[in-house]
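Note sheet for the following structure.
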Amino acid sequence: MAARARLVAFLIGMASFLSIVAAGQIRPLPSGGQLPSGLFVHSIASMIRTDRNATTKASSDFGRIVEAAPEAVLHPATPADIAALIRFSASSKAPFPVAPRGQGHSARGQSLAPGGVVVDMRALGRGHRRINVSAGAGYVDAGGEQLWIDVLRATLEHGLAPRAWTDYLRLTVGGTLSNAGIGGQAFRHGPQIANVRELDVVTGTGELVTCSREESSDLFFAVLGGLGQFGVITRARIALEPAPKRARWVRLAYTDVTVFTGDQELLISKKASEAGFDYVEGQVQLNRTLIDGPESTPFFSGADINRLAGLVSRSGSGAIYFIEAAMYYDEATASSVDQKLEAVLEQLSFTPGFVFTKDVTYVQFLDRVRVEEEVLRSVGVWDVPHPWLNLFIPRSRIIGFDTGVLKGILGGTNPVGVILMYPMNTNKWDDRMTAVTPQTEEDVFYAVSLLRSAVAVGDVERLERENEAVLAFCTREAIRCKQYLPHYTSEDGWRRHFGTKWERIAELKAKYDPQTIMAPGQRIFQSSIASA
Ligand code: ZME
């Protein structure tokens, strides 16, 4: 079989590669590149595993929808080891695919390398912590393999913290920066990719390049939101701010989507200097998910749930909406936070009486999905298929989307999982980066995340059909939406996704990964090997 032949080619290639190293001949590779001298001493052979134990772990991801085994897994000790592997592939007669894998939290196989080599990025951080805080300069250098929770803990030792977060912190820096990294702070600070000052990248030609807005800026902008297509992020320099100590965390209930989105848009229009929230998201609860879902238990008391159930039955559609927001504070601002919260709440139009407040530490707030994870794990619904769909919707179309999708296609369903819906300011996104936003003139767009889990027989197929229907609805209604964490199986889908950015992306691909070996699980560029 082809896979078998490739494995043999790989091992033969590796053997001859090792003999070059063993013979002490550092000579130009066919591509003209030099072997890094460090490799001469520490060959990567001992870091490559081909046993089933290693390859099986790297054969699937959090999505549990696609599965494909790599031929081998590299456990690098240094970025130079990754460079050696990529250079070996890129310069060989039969290049093989290479995919970095952090936590494997992709939903559709984006971190897989069918027939190639998965780089277990987490191996980089073993033994020593690759996180260095420069407090005076206000940044942290974090290895691409580092988890955001560990970056948070390290920076807090200096009273500092990154400004932009994802909802879940057990993700790697390289993983979120390859996508965008969105959450309730993005309205003010932009996505995580907008808060990066510098990167180290091992490109698809096996070069280790330091890049920034000033230096090798084409690579810097390409890699941010670049879906792993141009190289592997081995270090990111991330901007920091003084860390708040605590968060006043609120949920406000609505039955009318127009009132809900109106309040969200008011909140995201506020400057940091005005009385407002530091974090703004929103959730949609269809039918009985609120009452049944384990997700809700940490926030609402039994009495709250009874009151909310009453609200659900009074809401004609059965849908209720929550703004989830947080106001950060510390010792200096503790005495005024209640007043500030009151001042903001007064401007909003949530259902009277339906405000729920919690007061938690900053870490408890940022790491809140961890609690959900533990609940879901305890009832066995964490390691299940996740046919997730994330969309960016232009502001002008969000009410139509709510009618057609949430109250239409998904109306009457009782999904297990979370539906998120919150606006962001377009001007916080840098269009030079590969990450894609709706290509309209509008200054606000919504993230709508249908984060549903498949827990029963037939759920995957049913949820996938619903996802298809949602995308078909957007096409039919000419809603210029973009997928976030995008997934397409045809080049045509990718061309439409990238729109005006496509030509530039193809050009950068040819420059930084001419053999199309990097991150094949995205299925953007069909490599000659993958299709062979
Ligand atoms: C892609 C994405 C997942 C964005 C947010 N999530 C979440 N996943 C699971 N539970 C969540 C959540 N956001 C809030 N709760």
Side-chain angles (χ1 to χ4, degrees), residues 61-65 102-111 147-149 164-172 175-187 191-193 225 227 247 249-251 264 279-286 289-290 292-300 321-326 356 358 360 364-379 381-393 415-424 435-436 445-455 463 467 470 481-487:
D61 61 6
F62 180 73
R64 289 206 171 204
I65 293 172
Q103 290 290 80
H105 252 271
S106 54
R108 295 193 181 264
Q110 291 93 331
S111 51
L147 303 186
W148 283 97
I149 182 69
W165 298 93
T166 52
D167 290 349
Y168 182 62
L169 305 188
R170 267 72 182 177
L171 305 172
T172 60
T176 74
L177 297 182
S178 296
N179 288 284
I182 61 163
Q185 303 84 5
F187 78 90
Q192 289 181 317
I193 52 173
L227 307 176
W249 180 15
V250 304
R251 281 194 188 180
Q264 285 185 313
Y279 162 100
V280 178
E281 288 197 4
Q283 297 198 2
V284 187
Q285 307 271 0
L286 303 171
T289 52
L290 170 77
D292 298 335
E295 186 278 329
S296 60
T297 47
F299 213 94
F300 302 113
Y321 303 81
F322 290 99
I323 288 181
E324 182 182 58
F356 306 90
K358 285 223 290 194
V360 293
Q364 283 173 326
F365 173 69
L366 290 179
D367 203 21
R368 63 201 174 280
V369 175
R370 176 66 170 186
V371 179
E372 289 177 41
E373 175 180 358
E374 270 152 15
V375 174
L376 295 175
R377 279 191 192 279
S378 73
V379 292
V381 292
W382 180 264
D383 289 320
V384 296
H386 298 97
W388 286 1
L389 182 64
N390 293 273
L391 295 170
F392 290 160
I393 313 277
V416 173
V418 187
I419 298 176
L420 304 179
M421 178 168 164
Y422 60 93
M424 285 176 278
V436 170
F445 65 89
Y446 278 77
V448 178
S449 299
L450 310 178
L451 308 175
R452 299 172 305 156
S453 302
V455 297
L463 294 168
N467 288 342
V470 171
C481 69
K482 293 294 177 189
Q483 285 189 41
Y484 174 60
L485 313 176
H487 170 73

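Just the heavy atoms: all of them, side chains too, but no hydrogens, waters or symmetry mates, feed the values below. Positions are given from 1, in the same order as the sequence printed here. Both counts, for ligands and for their atoms, begin at 1 and track the order of listing.
Heavy-atom contacts of Asp167 reach the following atoms of ligand 1: 5 (C), 12 (C), 13 (N), 14 (C) (cutoff under 4.0 Å). Annotation for ligand 1: atoms under 4.0 Å from non-hydrogen atoms of Val369 are 10 (N), 11 (C), 14 (C), 15 (N). Listed by atom number, the atoms of ligand 1 under 4.0 Å from Trp388 heavy atoms are 1 (C), 3 (C), 8 (N). Close contacts of ligand 1 with Leu420, meaning ligand atoms under 4.0 Å from a residue heavy atom, involve 5 (C), 13 (N). Within the listing of ligand 1, atoms 10 (N), 11 (C), 15 (N) sit less than 4.0 angstrom from a heavy atom of Glu372.
Contacts of Tyr446 classified as ring pair (Phe, Tyr, Trp, His ring centres under 6.0 Å), with partners at least two apart in sequence or in another chain: none. Contacts of Tyr484 classified as ring pair (Phe, Tyr, Trp, His ring centres under 6.0 Å), with partners at least two apart in sequence or in another chain: Phe392.
Geometrically, ligand 1 and Asn390 share no nitrogen or oxygen pair separated by less than 3.5 Å. Considering backbone and side-chain N/O atoms, Gln283 never comes within less than 3.5 Å of an N/O atom of ligand 1.
A tilted orientation is assigned to the rings of Phe300 and Phe322, their planes being inclined by 30° to 60°.
Rounded to the nearest 0.5 angstrom, Asn467 CG and Trp388 CH2 are separated by 12.5 Å. Going from atom CZ of Phe445 over to atom OH of Tyr422 covers 9.5 Å, rounded to the nearest 0.5 Å.
Contact annotation for Thr166 and ligand 1: no heavy atom of the residue comes within less than 4.0 Å of the ligand.
With no hydrogens or angles considered, no side-chain donor-acceptor pair links Tyr168 and Glu372 at under 3.5 Å.
Not a single heavy atom of Tyr484 sits under 4.0 Å from any atom of ligand 1.
Asn390 places none of its side-chain heavy atoms less than 4.5 Å from the side chain of Leu450.
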